[in-house]
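Only a predicted model underlies this, so the values are computations on that prediction, with no experimental measurement involved. Each chain gets a letter, A, B and so on, in the order the sequences are listed, and its residues count up from 1.
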Protein chains: 2
Amino acid sequence: MATRGFAGLTLRAVAAELGATTGLLTHYFPTKQALVAYALDLLEERTLSRPRRQSGGGLAALRDAILDILPLTSEARDSNRIWVSSWDNALADPALSADYARKYAEGRDRMLQRVIAAQEAGELPPGEPTDLAAGAQAFALGLVVQALFDPAAFPPGRQTELLDNYLAGLAAGPCPISSPDPHA
Amino acid sequence: MATRGFAGLTLRAVAAELGATTGLLTHYFPTKQALVAYALDLLEERTLSRPRRQSGGGLAALRDAILDILPLTSEARDSNRIWVSSWDNALADPALSADYARKYAEGRDRMLQRVIAAQEAGELPPGEPTDLAAGAQAFALGLVVQALFDPAAFPPGRQTELLDNYLAGLAAGPCPISSPDPHA
DNA sequence: CCATTCGCATAACAGTTGTTACGGCAATGT
DNA sequence: ACATTGCCGTAACAACTGTTATGCGAATGG
């Protein structure tokens, strides 16, 4: 199921996996889209309510948030696999696209709170925190994609190494260099 | 085509877009997978041979490389849209997955060369350049995904702003903090 | 203990998919 | 001018899709 791709996700396949038939599925879901929507909601809820890392406040909390996203375990890999596969379907439907946009905006908000906390703790230099939050989520998402396609090149240790390097750069870095001013 | 998703990419739809029928397609391609493989190869070649930004060496070159990836124009948005949509199909086939892994490894190599050049020019602090390259591509990929789902929140100006902030952090930052040494 | 309702399997349905076979039409070579 | 070749449209094919209709068996309620 997590290995056959979104295109191979057919009602009969799901029913077979459940040891049931299509009758059950059509009895509980009016349409297939409703089923996949429910399944993805369930996946999101499950991963969100999964025991989260909580090794500290400030920068460590930001690190934890990203670690909770990365495919470091086989379970997390499957989740990300399904999620990435669902992007095709989501991009084809404007309503679903808006839903996904909202989800990622919420993700950035979660990052934002931790970025602000880290800044207040002095672990991150000042600077527009929303930019840092968006950048952190971009880093996480991009690393997820690369790790999914090349698990051998991105074992858990490598992923955390890259993350720690990224965070170290953030901590030492971003003096707010305003973009070159055309008129001056 | 770029808007109907990968699942809606049917032989008859492609033929209709071409003003032809399925006979033409089956005459030139033994199977559908061969067609999409050719189409994606063509897309890759076209975007790779597209006029690339070249505003300078070192860090500016790295910036250019990422700008060439981001969906800053409608054309680039369509390319990225198709590319992201193809991930579902690619993840379902191990051989295709390996192909994609190779492609992204090549992308990291392109980043790597520019990272090294920037380091030699003193525009980036020393540190493992392969890590920076992987991080830069992760940042680019993740920003692509977020921008595709929420174009309103990530207009071109916002994307370049985030990129410049990221690069500024890189330039000021990464003093090579080795990860905590267990035995010492 | 019987009537009723509900849950779900069975089966049929129309539509679409990739693929294959066939035939005509135009270009080409002699 | 004629035969031949290859291009490609037409149409058929089997397989499979989501969805709908039907019916049986068990649980439920009086």
Between D164(B) and R63(B), is the closest basic N to carboxylate O distance under 4.0 Å?
-> yes

E106(A) CD: over 12 foreign heavy atoms closer than 6.0 Å = yes

Given protein heavy atoms under 4.0 Å, the one-letter contact record of nucleotides 13-20 of chain C, with B base, S sugar-phosphate only and - none, is simply ----BBBB

Value in whole Å for how far the C1' atom of dC8(C) lies from CG of L24(A) = 6 Å

Does the side chain of H27(B) get closer than 4.0 angstrom to OP1 or OP2 of dC8(D) through an N or O atom?
-> no

Cluster overlap L72(A) with L163(A), hydrophobic side-chain contacts below 4.5 Å | yes

Look at Y28(B) and dC7(D) and indicate whether a side-chain polar atom (N or O) is within less than 4.0 Å of OP1 or OP2.
-> no

State plainly whether the residues D131(A) and R158(B) are in salt-bridge range, i.e. N to O under 4.0 Å.
-> yes

F154(A) reachable from L148(A) in the ILVMFWY side-chain graph, under 4.5 Å edges | yes

Nearest whole angstrom, please: distance from the P of dT17(D) to the CZ of F29(A).
-> 19 Å

Close side-chain approach of V36(B) and Q33(B), heavy atoms under 4.5 Å = yes

